[in-house]
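These numbers come from a predicted model, not from an experiment. In what follows, chains are A, B, ... by sequence order, proteins preceding strands, each numbered from 1.
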Amino acid sequence: MTRPEQTSSAIVDAAATQPPTTPLLRNIDPRVRLVVCIAFAFVTVSLIHMPSLLGALGLAVAAAVMARLEPASTLKRMAALDGFMIFVLGLLPFTIPGAPAFSVAGFEASHEGLWRAAEILLKSNAVVLMILALPGTMEQVELGHAMAGLRVPEKFVHLFLFTVRYIEVLGREYRRLRTSMRARGFTMRCNLHTWRSVGYLFGMLMIRSIERSERIVAAMRCRGFQGRLPSLADTQTVRGTDRAFAVVSLAACIALFTLEHA
Amino acid sequence: MSELLFRLSGIHFAYDRQRIVLRDADFELQRGERIALVGRNGAGKTTLFHLMVGLQRPQSGTIEAFGKVRTAEKDFVEVRARAGLLFQDSDDQLFCPTVAEDVAFGPLNLGKSAQEARIIVRSTLASLGLEGFEDRITHKLSGGQKRLVALAAVLAMEPDVLLLDEPTNALDAETEARLTDILVHLPQSLVVISHDEEFLARVTQARVRLESGRLTRE
């Protein structure tokens, strides 16, 4: 094979360069981050006392700071979760019996209910913040490989990776069809024509997805696929910093647990 | 002395009664030949490629590839390794998350070790001017980059023949020029489907027309 002389800069742009300083947490082995996150989540949901819950939230905030999460978008994501829970949390003080704290329109709110609401609020936010800080900072592909490295069933990992790969292709197909509908004057209304057209749209998407999946398998067979996906990834060794991070995190989890049961 | 790579004789293929694609079609490809496969939209050019590598089976006729008659799925496994098919839509071909994994997919299937595969990946990408693309995410590449990476994925299997299905489709002029340049310098025998006359004139020497189910040399 001879090499083409010219290398066009428009096509071969520089590989996406990493920011000059990578935050400490993002250099930790993805598998370690995933395991630590799961351990933290399990410990945190088992907590019920205020000091240990605050401790868990503190740890999560520390992790978020170390991962240099963008404050604005992180808060927005957490607000989305809290918004989802707000009705449940708001009703808890009124549904859990106990010593009355205050009353609204004749309904008594209990101390126990208030505590329970605060407990759930702290727990969920601590866990979500930790998820955003640890696995949330990985590329999706990195997460897939981390799962494979942790012996998550192969089928599940492949399903995840194929989804990551093709969801955008499907999204593009959807947008193309939608645009062409709009170009022919289609607007969503509440009538039979709208329902039928939207039905056609999704039916067409489904057919195209099936056809595409057939072409993908054909292309894979052309390159020798016989039912098993080989892996290029060599088993990355866990380095000293990864080990240190794991030990510190584990110690923190144990500390939370001890604080809870002290 | 020329070596016969493909010989298709008396091929009949139909998707159903209404859609007969090939009737009693013959086709030959010698080593070193570079053939343009032309014909109207829907004439069955892509289907011919699929028949050659066994993705479809003819209703009658024989397919001889690399000196052997091929009939069963397992016969075609070797054919697919030696005849690299480049698909029209690169999104169909690049299914791995990263470029390196995708290019390594073929070599690994051929039984190469991860280490050997990695060496092949590096040299193949370098030969196409795609140095440093190893860890790029395939679905984030531009259309032109995808096409070149898909070609790299095919070339990594070191095929004797390339079957290119509209390789310049939807490429900008600059990328097309680059791809043309690459193809002109490749040592492989080629069969190219394209409607781009200028491109065909540069890359191929002979021409076969597919019309009403038959193949004729022009």
Handout entry: Contacts of type ring pair (Phe, Tyr, Trp, His ring centres under 6.0 Å), residue B:F66, not counting sequence neighbours
Key = B:F6

Exercise for the section: Could you tell me which residues satisfy ring pair (Phe, Tyr, Trp, His ring centres under 6.0 Å) with B:F49, sequence neighbours excluded, listed by chain and number? Expected result: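 Residues passing ring pair (Phe, Tyr, Trp, His ring centres under 6.0 Å) with B:F49: none at all.
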
Does any heavy atom of chain A fall under 4.5 Å from the side chain of [X], the backbone, both, or neither of them?
| X | result |
| --- | --- |
| B:D135 | neither |
| B:E78 | neither |
| B:A150 | neither |
| B:K112 | neither |

Handout entry: Contacting region of A:V169 [heavy-atom separation from chain B under 4.5 Å]
Key = side chain

Can you tell whether the side chains of [X] and [Y] come within less than 4.0 Å, N to carboxylate O?
| X | Y | value |
| --- | --- | --- |
| B:D91 | A:R172 | yes |
| B:E176 | B:R147 | no |
| A:R31 | A:E142 | no |
| B:E134 | B:R118 | no |
| A:E211 | A:R208 | no |

Practice task
Spell out the residues in residues 92-100 of chain B that have some non-hydrogen atom less than 4.5 Å away from a non-hydrogen atom of chain A, in order of number; otherwise answer 'none'.
Solution key: B:D92, B:Q93, B:L94, B:F95, B:C96, B:P97, B:T98, B:A100

Practice task
For chain B, find which of A:Q226, A:E168, A:R212, A:R221 contributes the most heavy-atom pairs closer than 4.5 angstrom.
Solution key: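 Most heavy-atom pairs within the cutoff with chain B belong to A:R221.
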
Exercise for the section: Just give me the residue among A:G144, A:S213, A:C222, A:A218 that pairs up with chain B most often, heavy atom to heavy atom, under 4.5 Å. Expected result: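 Ranked by contacts with chain B, first place is A:C222.
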
Problem - Charged tip of B:R19 within 45° of B:Y15 ring normal and under 6.0 Å - result: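 That pair qualifies as a cation-pi contact.
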
Exercise for the section: Under the side-chain contact (heavy atoms from CB on, under 4.5 Å) rule, collect the residues that match up with B:A170, sequence neighbours excluded. Expected result: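 Residues passing side-chain contact (heavy atoms from CB on, under 4.5 Å) with B:A170: none at all.
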
